[in-house]
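In what follows, a single structure is set out as structure tokens and then discussed.
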Amino acid sequence: MNTGPNAPQWNRLRKALARWYGGAKRDLPWRRTSEPYPVWVSEIMLQQTRVAAALPYYERFLQLFPTVESLAEAPEQELLAVWSGLGYYSRARNLQKAARQIVAAGGFPRTFEGLRELAGIGDYTAAAVASISFGLPHAVLDGNVMRVLTRLLADAGDIQSPKTRSRLAAVAQEFLDKRAPAEHNQAVMELGALVCAPREPQCLLCPLAAHCVARLEGRAGQFPVKLRKQTKVEIALALLVIEREGRVLVWQRGDGEGRMAGFWELPSLEQLPAARVREEAGGFRHTITHHLHTVQVFRAVVKRVPAGYHWRDRRQMGEIPLSTMARKALRVADVD
DNA sequence: GATTCGTGGTA
DNA sequence: TTACCAAGAAT
């Protein structure tokens, strides 16, 4: 740890941060309680997901599954349907897996290590729930915190490397206000979200600005450093909207441990060469991580239902787990 | 330890 | 339009 003459004055920083958070704190639904179940659900939903995107899902999810028991018993199709459109669907499956672990154990684990063993809970989420719900002194390290700390220290390490991350984790833990871990953790993240933003950081509004090395050097925008970048892959796809008597032909992804298992999809022209295309309904682009799909949507007909395909009522599509790509295609074809 | 997993917002 | 990236975790 940096204990030299240039070590950050953590106590001053903590106080300045707490004062700022007192005025900037947003009223978000998951902040109205410290109960572990809603806190946990919100933390999972917020992984790599913006607050605005998670909000409506959070409300619907707790409406439908108000307790950990109800989540443990939920039919998988209902669970995936509620999550449909939010992305990273393994989160939903792990959430239920963990709910069953919790019910089997007779309640929530009340330690970081116990939380860490639940499905879908890594270092970040374990620290978040431990601090917010149980007041335990574990610092969170997420994208916000890494941005704040790399700027504060002008740390030029690649944040995608485990070495840099563990170094930042130690700094975060030293920075943590052990008397108020819940408030402190959320304050740093909120600072990263609202002030110490990725682009055009609002240094003039920042409570840490006086001690921020990157700011003092006029290069806050250069942090954090991220060396690796993804190369994109273009994919062309023709999806078929095959309608008959108000129903649409779909297939279901295998329930095995595959990507988006359990989700319903439209057939592609490649899958159903026997389908007879009537007209092109339109097209759209859809990006999944680094895969750029250019999708053409065709209305088509089939003589008989091919093996593995099913008719689903077009008005029922909102109630089943459907990939966003399929949803977009249905919209293009005016089915909804 | 590098990859993969979804989606939508923003400049 | 493109590139980045958002309260990460599992493999």
Side-chain angles (χ1 to χ4, degrees), chain A residues 25-26 28-31 38-58 80 83-95 97-98 115-132 138-148 158-166 168-169 172 182 184-194 196-200 221 224-234 253 257-261 263 265 284-294 321-328:
Chain A
K25 185 175 185 177
R26 287 177 289 179
L28 299 171
W30 45 83
R31 286 188 178 149
V39 168
W40 167 52
V41 170
S42 72
E43 291 297 341
I44 299 295
M45 280 192 176
L46 288 166
Q47 288 171 5
Q48 299 292 287
T49 306
R50 294 173 192 284
V51 167
L55 265 172
Y57 284 87
Y58 175 81
L80 295 178
W83 207 275
S84 179
L86 192 55
Y88 285 133
Y89 300 103
S90 64
R91 291 185 295 178
R93 262 184 281 278
N94 282 333
L95 205 58
K97 213 178 283 179
L115 290 162
R116 188 64 181 73
E117 289 180 18
L118 296 173
I121 294 194
D123 288 342
Y124 165 79
T125 307
V129 176
S131 62
I132 297 173
H138 295 272
V140 296
L141 184 66
D142 73 332
N144 289 308
V145 180
M146 287 196 285
R147 191 165 54 251
V148 170
D158 180 1
I159 60 166
Q160 289 169 322
S161 94
K163 209 172 285 183
T164 304
R165 286 182 181 233
S166 77
L168 292 174
H184 176 95
N185 275 335
Q186 295 181 85
V188 185
M189 292 191 283
E190 197 80 329
L191 185 69
L194 301 179
C196 195
R199 284 173 291 205
E200 299 182 27
V225 172
K226 199 178 292 187
L227 296 181
R228 236 180 330 108
K229 342 198 159 196
Q230 290 262 16
T231 54
K232 314 179 295 187
V233 179
E234 292 275 355
R253 289 185 178 273
E257 285 302 311
R259 165 180 162 278
M260 295 189 74
F263 275 71
E265 301 281 7
F284 60 91
R285 287 177 64 80
H286 181 70
T287 305
I288 300 179
T289 62
H290 62 291
H291 297 107
L292 311 179
H293 299 262
T294 303
L322 196 64
S323 72
T324 296
M325 190 138 62
R327 254 181 239 292
K328 286 182 177 177

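Throughout, protein chains are lettered first and strands after them, A, B, ... in sequence-line order, and every chain is numbered starting at 1. Note that the coordinates shown come from a computational prediction; the quantities given were computed from them, not determined experimentally.
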Query raised in the report: Would you say Gln160(A) has more than 12 foreign heavy atoms packed within less than 6.0 Å of its CD?
Result: yes
Query raised in the report: Below 4.0 angstrom from OP1 or OP2 of dT7(B), is there any side-chain N or O of His286(A)?
Result: yes
Query raised in the report: Within the structure, does a side-chain N or O atom of Arg228(A) lie under 4.0 Å from either OP1 or OP2 of dT3(B)?
Result: yes
Requested in this report: To the nearest Å, give me how far apart CD (Gln48(A)) and C1' (dC5(B)) are.
Outcome: 10 Å
Query raised in the report: Counting side-chain heavy atoms from C-beta on, which of dT2(C), dA7(C), dC5(B) comes nearest to His291(A)?
Result: dC5(B)
Query raised in the report: dG6(B) base to Tyr88(A) side chain: any donor-acceptor pair below 3.5 Å?
Result: yes
Query - Whichever of Gly85(A) and Ser161(A) has its nearest DNA chain B nucleotide further upstream toward 5' - result: Ser161(A)
Report task. Grab the CD-C1' distance between Glu43(A) and dA9(C) for me, whole Å please. Result -> 14 Å
Requested in this report: Report the distance from atom CZ of Arg147(A) to atom P of dC5(C), rounded to the nearest whole Å.
Outcome: 9 Å
Query raised in the report: Should Thr125(A) be listed as having a side-chain N or O under 4.0 Å from OP1 or OP2 of dG8(C)?
Result: no
Requested in this report: For Gln230(A), report the nucleic acid contact type (base, sugar-phosphate, nothing); a contact means any heavy atom under 4.0 Å.
Outcome: base
Query - dG6(B) versus dC5(C) - spacing of their C1' atoms, nearest Å - result: 13 Å
Requested in this report: Run through Ile288(A), Thr287(A), Val233(A) and flag the one making a side chain to side chain contact (heavy atoms under 4.5 Å, CB included) with His293(A).
Outcome: Ile288(A)
